[in-house]
Structures are given as structure tokens and as C-alpha cells.
**Q** 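Let me begin by handing over the structure; questions about it come next.
Basis for what follows: all heavy atoms, side chains included, without hydrogens, waters or symmetry-related copies.
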Amino acid sequence: MKKVYLDNASTTALRPEVIQEMTKVLTEDYGNPSSTHSLGRAAKNILELSRKAIAKNLGATAQEIIFTSCGTEANNWILRSAVKDLKVKRIITSKIEHHAVLHTALVLEKEFGIQIDYVAIKPNGEIDITNLAELLSHETKTLVSLMHVNNETGTILDLERVGRICKEHSALFHSDMVQSVGKTAIDLQKLSVDFIVASAHKFHGPKGVGFAFIRKNSGLQPLFFGGEQEKGLRAGTEALHQIAGMAKALELSYTKLEMERSHILQLKNYLILELEIEFPSFSINGGADGFYTVLNILLPFAADKTAMILFHLDMKGIAVSRGSACQSGSVKPSHVLAEILSDEDLKKPSLRISFSHYNTREDINLLIDALKTI
Ligand code: PLP
């Protein structure tokens, strides 16, 4: 049976060149980057070249890129240190953020007694930026934490506008860019953002590695303590094979961006067209102009089909997600869809279909065929 993988917002397949690079580093470059002998120096060289390559792709300087074990760690670190060390008294975020931000904010509220404000969400799932400006008119030391591309609906944040508003109000701006780094051009020199977070496994790199962009002189302090790695900001011997794999993955993603984006867009438009033919009353959660890699649809099926639909597709070799991948096994409705759908629609089956350049028209046909048998 052909496997159809349409769950790329959850994680992506490694590119062969990335596996090659990682295997080479694991085999030959096993030195510790902190050692002063030649094997150590060779490892250090790979580490710093990886950092430079990542920084260059995003318009950052190498010293602003700090490697972490994943996106979740980087989000936790930035939010926690902003409160603990930068004396932030309020976090403005939204109810549609990833739990790596939402749950961290709640813990910080309890632990430090800070204020959490949630910016309003428009009916189409977008952040209400006018409401953000209103919230920022109260003068409190504030961190705004809003994601670039929503992992469930693909809703896009206007980073330039939000950055400008934050600057006008002297608020710090953190953006979880786990879904957009490697998939759209990002120029951190031009954007007014203080902190961003990315994760390699979302752009065809390995799991267990990510990075934070920490703007120069931000004053952020470490999450945990130990050696001098990552300028003392993230102690622990560097996972060199992961980091080199991530740098390779990002490089390839940006080299092939236009070609792969146009392939994916064609597939997404083809899927929408087929859905219009086969299920004319389907609708797109979050609207039609979301990010090109994600399509979240509400299917015109009875609510009693909701529980079995993923299982049914899985039996046919098709991997998609219901809401967020991280909770696809849970019975709770998606916290993101809960913000934009009516109670009645929330009970009906919604599917998140997320694409990569490895997908084909045949994948879409197989998905449509499988949906027709439900
Ligand atoms: N932020 C967003 C928007 C995500 O989609 C994810 C992964 O699902 C994460 C954070 C967590 O990243 P990681 O798996 O690297 O911890």
C-alpha cells in the first residue's frame, strides 16, 4: 500500500543530503567542539560554519543564533528569562499559540504573578492587530509573543506591522516561527523582532535540534547552567551532527524555496478544486489565504464520523492530522479551532492537511478517494 504523508506541519522527512551530512559528522567529526586538539577544533569549525550559514539565510549575525534542543525549549527559555531577568510584568499572547508558549505563559503567571493578556482573534482566525495596539497602550513592561504561521490553520501574522507597533510601545517582541523558517524568506535585519524560534524537523532536518535568534544586547540570561557552550547561554556539549544537519536542511530549503513553494501551491490548489467538486459544502478553517503548506478543512460529515475519520484514513495509508499534531491522539477539541469555530462546527470532523515538496498529485487523489468512502 502506498503511504501518503500529508502531515508535514507535524514533522517532515529528512532530505537525503541532510542524512549524508549527519552521517559524515557522526563518523568523522566526533570531537568535542570545546576540546583544543585538532579533532575538537575541526568540530568547532563545523559548529561555527553551521551557525554562520543559518544566520546568513535569515539576515542575522552568527552571534545572534543560539542552538537549542528544540522549538519548545527555545520558547520556554525566552519567555522565562524575559520575565525573570528582563523584568517583564506582562505577556501579551493569543489563545491560538502553540502550547509551548501558552503553557509556559500560564506557569510564569503562577510563578511570578505576571499579567497575561490575550489579543482578540478575528472570525477568520487572524490576530486583531488593532486590539493589540489597544492592549499595548497600558504602560507596563511587556513581551508580545505571537507566532508567525499558525501550525493548525496556517494563518499568517503581519510581522512587520506587529514589530512596528511593539517598537512604538517599547514592548519586546517574540515570534514562534517554527512553521515558517525554511518555508518563506525571513530578513531579521529588517524586522523589528527581538526573539524568534525555529525547529529543524519542520524543514526536513533532524528532530531534537532547533535554534533561537536572540537580538544583540537583549540581556537574555541562560535557562540552565553549566559550561561555556553557546556563549554561556545554553550549556551542554553541542549535538554537532544535529546542528550540521539543521544547517544543511535550512540551506537546501532556501536554495530550492521558489521551486518547492510553487509545487506545493499547485498541489494545494488542486486539492481545494477537488474538494469543491466532491464535497461542495466543505469550508476552510481560517480562510483560503493561509500559508501555502497548510490546509485545515471542515468536512460536511455528521459529527459521529469525527472520532473514526483519522483511523479510517490511516487504514488506507494516509497520514493527516486533526488539529494540532501534538494532540491528535487526544479527545479534546483543538484549542485553536475552538477559538474560531462555533460549538456545533467544532464537533464535526476537521482535518489538517499539510504538504511538502515530496507530495504528488497522486497523494491528493488517494486522499480524495479515501474521503469519498467515509
Ligand atoms: N511551535 C510550533 C508552532 C510548532 O508547530 C511546534 C511543533 O509542533 C513547536 C513549537 C514545538 O517544536 P519542537 O517540536 O521542536 O519542540
Side-chain angles (χ1 to χ4, degrees), residues 1-10 12-13 96 122-126 149-156 179 183-184 257-325 328 333-334 336-374:
M1 182 169 58
K2 184 182 187 302
K3 290 271 179 203
V4 175
Y5 188 72
L6 285 164
D7 196 19
N8 291 278
S10 163
T12 55
I96 60 167
K122 297 202 272 191
N124 65 358
E126 277 175 27
V149 169
N150 188 278
N151 52 303
E152 293 196 34
T153 58
T155 310
I156 306 167
Q179 292 293 338
K183 294 171 194 161
T184 190
L257 182 67
E258 287 319 317
M259 195 176 58
E260 292 180 351
R261 174 163 40 199
S262 115
H263 172 77
I264 293 171
L265 253 174
Q266 275 177 28
L267 287 183
K268 183 175 175 176
N269 290 335
Y270 175 61
L271 173 59
I272 294 173
L273 217 70
E274 287 297 303
L275 287 165
E276 278 165 355
I277 295 167
E278 302 297 343
F279 309 97
S281 52
F282 90 102
S283 59
I284 301 177
N285 296 322
D289 39 355
F291 201 59
Y292 68 102
T293 54
V294 183
L295 184 69
N296 197 316
I297 52 169
L298 178 64
L299 290 162
F301 298 158
D304 62 358
K305 304 266 192 209
T306 304
M308 51 72 77
I309 190 164
L310 278 190
F311 177 70
H312 180 89
L313 292 174
D314 190 33
M315 293 301 286
K316 292 183 177 286
I318 298 169
V320 293
S321 238
R322 183 176 72 91
S324 170
S328 55
S334 137
V336 175
L337 295 186
E339 291 300 311
I340 55 176
L341 293 182
S342 67
D343 287 350
E344 196 189 333
D345 280 349
L346 201 55
K347 290 188 197 123
K348 292 184 194 155
S350 280
L351 285 185
R352 179 188 68 181
I353 297 139
S354 48
F355 310 87
S356 86
H357 60 281
Y358 290 124
N359 290 122
T360 60
R361 252 173 187 248
E362 189 195 357
D363 292 347
I364 307 299
N365 292 336
L366 287 166
L367 171 66
I368 292 285
D369 288 347
L371 286 175
K372 284 200 294 197
T373 63
I374 287 172

**Q** Is there a side-chain contact between L337 and T153 (heavy atoms, below 4.5 Å)?
**A** yes
**Q** Mind checking whether I364 and N359 have side chains closer than 4.5 Å, heavy atoms only?
**A** no
**Q** To the closest 0.5 Å, what do you measure between NZ (K305) and CG (L371)?
**A** 12.0 Å
**Q** Would you name the heavy atoms of G290 and I156 that are closest together and state the gap between them?
**A** C-CD1, 4.0 Å
**Q** Is the number of heavy atoms from other residues, nucleotides or ligands within 6.0 Å of NZ (K2) greater than 12?
**A** yes
**Q** So, do I374 and I309 sit near enough that their side-chain heavy atoms are less than 4.5 Å apart?
**A** yes
**Q** Could you pull out all residues at least two apart from D345 that satisfy side chain to side chain contact (heavy atoms under 4.5 Å, CB included)?
**A** L298, L341, S342, K348
**Q** Using side chain to side chain contact (heavy atoms under 4.5 Å, CB included) as the criterion, list what pairs up with A370, not counting sequence neighbours.
**A** L313, K316, I318
**Q** How far apart are the closest heavy atoms of R352 and V320, and which atoms are they?
**A** O-CB, 3.7 Å
**Q** Could you tell me whether the side chain of H263 reaches within less than 4.5 Å of the side chain of F355, counting heavy atoms only?
**A** no
**Q** May I ask you to test the I96-E152 pair for a side-chain heavy-atom distance under 4.5 Å?
**A** no
**Q** Not counting sequence neighbours, which residues clear side-chain hydrogen bond (donor to acceptor under 3.5 Å, both in side chains) with T12? List them please.
**A** none
**Q** Less than 3.5 Å apart, which donor and acceptor atoms pair up between the side chains of residues 270-280 and the rest of the protein, not counting sequence neighbours?
**A**
residue, atom, partner, partner atom, Å
Y270, OH, N365, OD1, 2.5

**Q** Using a 6.0 Å cut-off, check whether atom CE of M308 has over 12 heavy atoms from anything other than its own residue.
**A** yes
**Q** Under 3.5 Å, side chain of K268 to main-chain N/O of F291, donor-acceptor pair present?
**A** yes
**Q** List in chain and number order the residues that pass salt bridge (charged side-chain N to carboxylate O under 4.0 Å, His left out) with D314, two or more places apart in sequence or in another chain; answer none if no residue qualifies.
**A** none
**Q** How long is the straight-line distance from OH of Y5 back to OG of S354, given to the nearest 0.5 Å?
**A** 6.5 Å
**Q** With rounding to the nearest 0.5 angstrom, report the CD to CZ distance, Q266 to R361.
**A** 7.5 Å
**Q** Quick check: do T184 and V149 have side-chain heavy atoms less than 4.5 Å from each other?
**A** no
**Q** Looking at residues at least two apart in the chain, or sitting in another chain, which of them share a ring-ring contact (aromatic ring centres under 6.0 Å, His included) with H357?
**A** H204
